Asks: 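Here you go, one structure.
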Amino acid sequence: MARNKLGVAIVGTGFGCITHLPAFRDAGFEVRALVGRDPVRTAERAERFGVPYAFTDLDAALALDGVDAVTVATPPHTHAEIVLAAVAAGKHVVCEKPFASDANEAARMLAAAQQAGVVHMLGTEFRWQSSQALLARLIAAGAIGEPRLATWLLHIPVLTGPAAEVPAWWGRAEDGGGWLGAHASHWIDQIRHTLGEFAGVSAGLPLVADRPGQTAEDTFNIRFRTVTGVEGTLQSSAGIYGPPLMTTRVAGTHGTAWVEFDDVWLADASGDRRVETPADLVNPDPIAPPSDLMHTAYDLLHSMGIDRAPYTRLAAAFAALIDGDPAAEAPRHATFADGVAGQRVLDAVRASAAAGGRWVPCSR
């Protein structure tokens, strides 16, 4: 006899409705409740998407019959309170990145989840994005030899100009806002997953665009070294004018691998070639979310729907782990332990930037 669907409560009515809600449904979950701060908006969105319960009280959602899990899609400074309440109620949890306000808070969340014995995952959906998963697989298989040099570069004019509205929390450093947490946290996870743990960083966090009142950076420039000996650079800005500029490239002792949009390429002594994506890493075509959900420039980062399919695979892995299915291990999912490790890197980046770019170890 087939078991009932796993039930999930989604906390957050922005990205929670844009990506989490359709992805968890695609993965077979029943979305039982939507939790938000604004009662009118929460009720409207619950009705629109056919969610049976709308709450502004997290405890009410946690007490609801049929809620096995909680997924958290709220600003980072709110994560700890929500996660700690959910795991105390015995719920399995997926939490968005950046995971916490700092590494100490992240460690408390990890310890609570471990003590509760619940499944815990970090919202690093792009581990399942086809080109990222293929790049990681090629490097692990030795396709470029020993990795030695890594470059991640992205310039996009998303937050330039007076019309580039962002959510209030995103512009405030004290609330965990800014481009470092929004974007670098994905890259940091990719590098840790693909190349090894960070040994240390030297960084700057400038605010390039003229945005009165904003205290959080729109740009990061990071030099890093991994414990495996890879030297690398992460540079990205969402606050500059001009055409997009993007590079993801890893060079090793025998070759180089790089990403061009959704394609992965290899170069070595025999020449350059595009690598066919294996069937198990191919995702469905993106499905754009409803356009009327896109209110700010920050929302527009999700307007193409490129994160829905990878997030569906994350949610499917989450369900498999809850059911005790080891098939969820490919690609390896990110847990709250990865959230702690990633937060140590973010803390080190901020410390380095505050000290004028001095080298800061990413210590445990």
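Since we're looking at a predicted model, the values are computed, not measured.
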Asks: Kindly say whether Thr219 contributes a backbone atom to a donor-acceptor pair with the side chain of Glu217 at under 3.5 angstrom?
Replies: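 Looks like no, no N/O pair under 3.5 Å.
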Asks: Answer yes or no: are there more than 12 heavy-atom neighbours, outside Glu47 itself, under 6.0 Å from its atom CD?
Replies: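 No, because the 6.0 Å sphere around CD of Glu47 holds 12 heavy atoms or fewer from other groups.
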Asks: Return yes if some donor-acceptor pair links the side-chain N/O of Asp57 with the main-chain N/O of Asp59 below 3.5 Å, else return no.
Replies: yes
Asks: Looking at Pro286 and Gly305, what are the two nearest heavy atoms and their distance?
Replies: CB-O, 3.7 Å
Asks: Verify, without hydrogens or angle tests, whether Thr151 (side chain) and Thr233 (backbone) share a donor-acceptor contact under 3.5 angstrom.
Replies: no
Asks: Indicate, with yes or no, if Leu195 and Leu154 share a hydrophobic cluster defined by side-chain heavy-atom contacts under 4.5 Å among Ile, Leu, Val, Met, Phe, Trp and Tyr.
Replies: yes
Asks: From Leu159 CG over to Asp218 CG, what is the distance, rounded to the nearest 0.5 angstrom?
Replies: 6.5 Å
Asks: Go through it in stages, so that I can follow the logic: the residues are Met121 and Leu314, the test is side-chain contact (heavy atoms from CB on, under 4.5 Å), and I'd like the CA-CA distance, side-chain angles, deciding distance and then a yes or no.
Replies: CA-CA 9 Å; Met121 287 180 63; Leu314 181 154; 3.7 Å; yes
Asks: Stepwise, does the side-chain contact (heavy atoms from CB on, under 4.5 Å) test hold for Leu34 with Cys17?
Replies: CA-CA 9 Å; Leu34 184 64; Cys17 289; 3.9 Å; yes
Asks: Holding to side chain to side chain donor-acceptor pair (under 3.5 Å), I want the full list of residues that pass it with Thr194, two or more places apart in sequence or in another chain.
Replies: none
Asks: Do the side chains of Val70 and Phe318 join up, straight or via other hydrophobic residues, at under 4.5 Å, putting them in one cluster?
Replies: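 In one cluster with Val70: Phe318, no.
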Asks: Please confirm whether the backbone N or O of Asp338 pairs with a side-chain atom of Asp189, one donor and one acceptor, at under 3.5 Å?
Replies: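 No, because the side chain of Asp189 does not come within donor-acceptor range (under 3.5 Å) of the backbone of Asp338.
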Asks: Using a strict threshold of under 4.0 Å (side-chain N to carboxylate O), is an ion pair present between Arg274 and Glu276?
Replies: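 Here Glu276 pairs with Arg274 in a salt bridge, since their nearest N and O are under 4.0 Å apart.
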Asks: Give a yes or no answer on whether the side chain of Thr256 reaches the backbone of Ala267 with a donor-acceptor pair at less than 3.5 Å.
Replies: no
Asks: If the plane angle is over 60° it's perpendicular, under 30° parallel, otherwise tilted; pick one for His302 and Phe15.
Replies: tilted
Asks: So which heavy atom on Arg127 is nearest to which on His193, and how close?
Replies: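 Scanning both residues, the minimum pair turns out to be NH1-ND1, 3.4 Å.
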Asks: So, does Ser352 use its side chain to make a donor-acceptor pair with the main chain of Arg358 at under 3.5 Å?
Replies: yes
Asks: Would you call Arg249 and Trp265 a side-chain contact if the rule is heavy atoms closer than 4.5 Å?
Replies: no
Asks: Val345 and Ile191: side-chain contact (heavy atoms from CB on, under 4.5 Å), yes or no, with the steps?
Replies: CA-CA 11 Å; Val345 179; Ile191 289 162; over 6 Å; no
Asks: Would you tabulate the side-chain donor-acceptor contacts of residues 88-98 under 3.5 Å, counting partners in other chains and residues two or more places apart, or write 'none'?
Replies:
{"residue": "Lys91", "atom": "NZ", "partner": "Leu62", "partner atom": "O", "Å": "3.4"}
{"residue": "Lys91", "atom": "NZ", "partner": "Val67", "partner atom": "O", "Å": "2.8"}
{"residue": "His92", "atom": "ND1", "partner": "Val119", "partner atom": "N", "Å": "2.9"}
{"residue": "Glu96", "atom": "OE2", "partner": "His20", "partner atom": "NE2", "Å": "2.8"}
{"residue": "Glu96", "atom": "OE2", "partner": "Tyr311", "partner atom": "OH", "Å": "2.4"}
{"residue": "Lys97", "atom": "NZ", "partner": "Ala182", "partner atom": "O", "Å": "2.8"}

Asks: Under 3.5 Å, is there a donor-acceptor pair between the side chain of Gln132 and the main chain of Phe126?
Replies: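 Yes: the side chain of Gln132 pairs with the backbone of Phe126.
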Asks: Are Phe24 and Leu321 co-members of a hydrophobic cluster defined by side-chain heavy atoms under 4.5 Å apart?
Replies: yes
Asks: List, by chain and then residue number, the residues other than Leu153 in its hydrophobic cluster (Ile/Leu/Val/Met/Phe/Trp/Tyr, side-chain heavy atoms under 4.5 Å); write none if there are no others.
Replies: Leu245
Asks: Quick one: ring-ring contact (aromatic ring centres under 6.0 Å, His included) partners of His183, sequence neighbours excluded?
Replies: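 Trp179, Trp187.
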Asks: Evaluate the side-chain proximity of Ser130 to Thr277: yes if any heavy-atom separation is below 4.5 Å, no if none is.
Replies: yes
Asks: So how far is it from Glu125 CD to Thr312 OG1, rounded to the nearest 0.5 Å?
Replies: 10.0 Å
Asks: Testing the basics here: between Ala203 and Val349, what is the closest heavy-atom pair and its distance to 0.1 Å?
Replies: CB-CG1, 3.7 Å
Asks: So how far is it from Leu138 CG to Ser131 OG, rounded to the nearest 0.5 Å?
Replies: 11.0 Å
Asks: State whether a side-chain donor-acceptor pair under 3.5 Å links Thr13 with Arg41.
Replies: yes
Asks: Do Thr19 and Pro289 have side-chain heavy atoms sitting under 4.5 Å apart?
Replies: no
Asks: Can you tell me how far apart OG1 (Thr335) and CG (Leu110) are? Round to the nearest 0.5 Å.
Replies: 6.5 Å
Asks: Can you establish whether the number of heavy atoms outside Gln115 located under 6.0 Å from its atom CD is more than 12?
Replies: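 No, CD of Gln115 has 12 or fewer neighbouring heavy atoms, counting only those of other groups under 6.0 Å.
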Asks: So which pairs with a foot in residues 57-85 pass ring-ring contact (aromatic ring centres under 6.0 Å, His included), sequence neighbours left out?
Replies: none
Asks: Shared ILVMFWY cluster between Ile18 and Val51, side chains joined below 4.5 angstrom?
Replies: yes
Asks: Quick one: hydrophobic cluster around Ile240, which other residues, with the 4.5 Å side-chain cut-off, linked directly or via members?
Replies: Val208
Asks: Spell out, as yes or no, whether a donor-acceptor pair under 3.5 Å connects the side chain of Arg172 to the backbone of Gly177.
Replies: no
Asks: Within a reach of under 6.0 Å around CD of Gln114, are more than 12 heavy atoms found that belong to other residues, nucleotides or ligands?
Replies: yes
Asks: Look at the side chain of His120 and the backbone N and O of Ala113, then say whether any donor-acceptor pair between them is shorter than 3.5 Å.
Replies: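 Not confirmed, His120 side chain does not pair with Ala113 backbone.
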Asks: Gln235 and His155: side-chain donor and acceptor closer than 3.5 Å?
Replies: yes
Asks: Could you walk me through whether Asp68 and Arg32 pass the salt bridge (Lys or Arg N to Asp or Glu O under 4.0 Å) test, one step at a time?
Replies: CA-CA 10 Å; Asp68 305 288; Arg32 297 280 294 149; over 6 Å; no
Asks: Does Phe49, at its CZ atom, have more than 12 non-hydrogen atoms belonging to other residues, nucleotides or ligands within less than 6.0 Å?
Replies: yes
Asks: For Val72, run the side chain to side chain contact (heavy atoms under 4.5 Å, CB included) check against Val35, Leu58, Thr78, Val83 and tell me which one passes.
Replies: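 Answer after filtering Val35, Leu58, Thr78, Val83: Val83.
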Asks: Kindly compute the distance separating CZ (Arg313) from CG (Asp280), expressed to the nearest 0.5 Å.
Replies: 6.5 Å
Asks: More than 12 heavy atoms of other residues, nucleotides or ligands under 6.0 Å from CZ of Arg37: is that the case?
Replies: no
Asks: Return the minimal non-hydrogen interatomic distance between Leu64 and Ala33, and the atom names on each side.
Replies: CD2-CB, 4.0 Å
Asks: Rounded to the nearest 0.5 Å, how far does CG of Leu205 lie from CG of Leu180?
Replies: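 Going from CG on Leu180 over to CG on Leu205, the span is 5.5 Å.
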Asks: List the atom of Ala316, the atom of Ala27, and the distance in Å for their closest heavy-atom pair.
Replies: N-CB, 3.6 Å
Asks: Taking all heavy atoms of Pro147 and all of Val230, pick out the closest pair and write down the distance.
Replies: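 Distance-wise, the nearest heavy atoms are O-CG2, 3.5 Å.
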Asks: For Ala103, does its backbone N or O pair with a side-chain atom of Asp347 as donor and acceptor, under 3.5 Å?
Replies: yes
Asks: Evaluate side-chain contact (heavy atoms from CB on, under 4.5 Å) for Asn104 paired with Gln343, printing each intermediate quantity in order.
Replies: CA-CA 9 Å; Asn104 289 333; Gln343 193 64 53; over 6 Å; no
Asks: Going by heavy atoms in the side chains, are Arg223 and Trp359 under 4.5 Å from each other?
Replies: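 Yes, side chains in contact.
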Asks: Any chain of hydrophobic side-chain contacts (each under 4.5 Å) joining Val264 to Met246?
Replies: yes
Asks: Take a 6.0 Å sphere around CG of Asp210 and say whether it holds more than 12 heavy atoms from other residues, nucleotides or ligands.
Replies: no
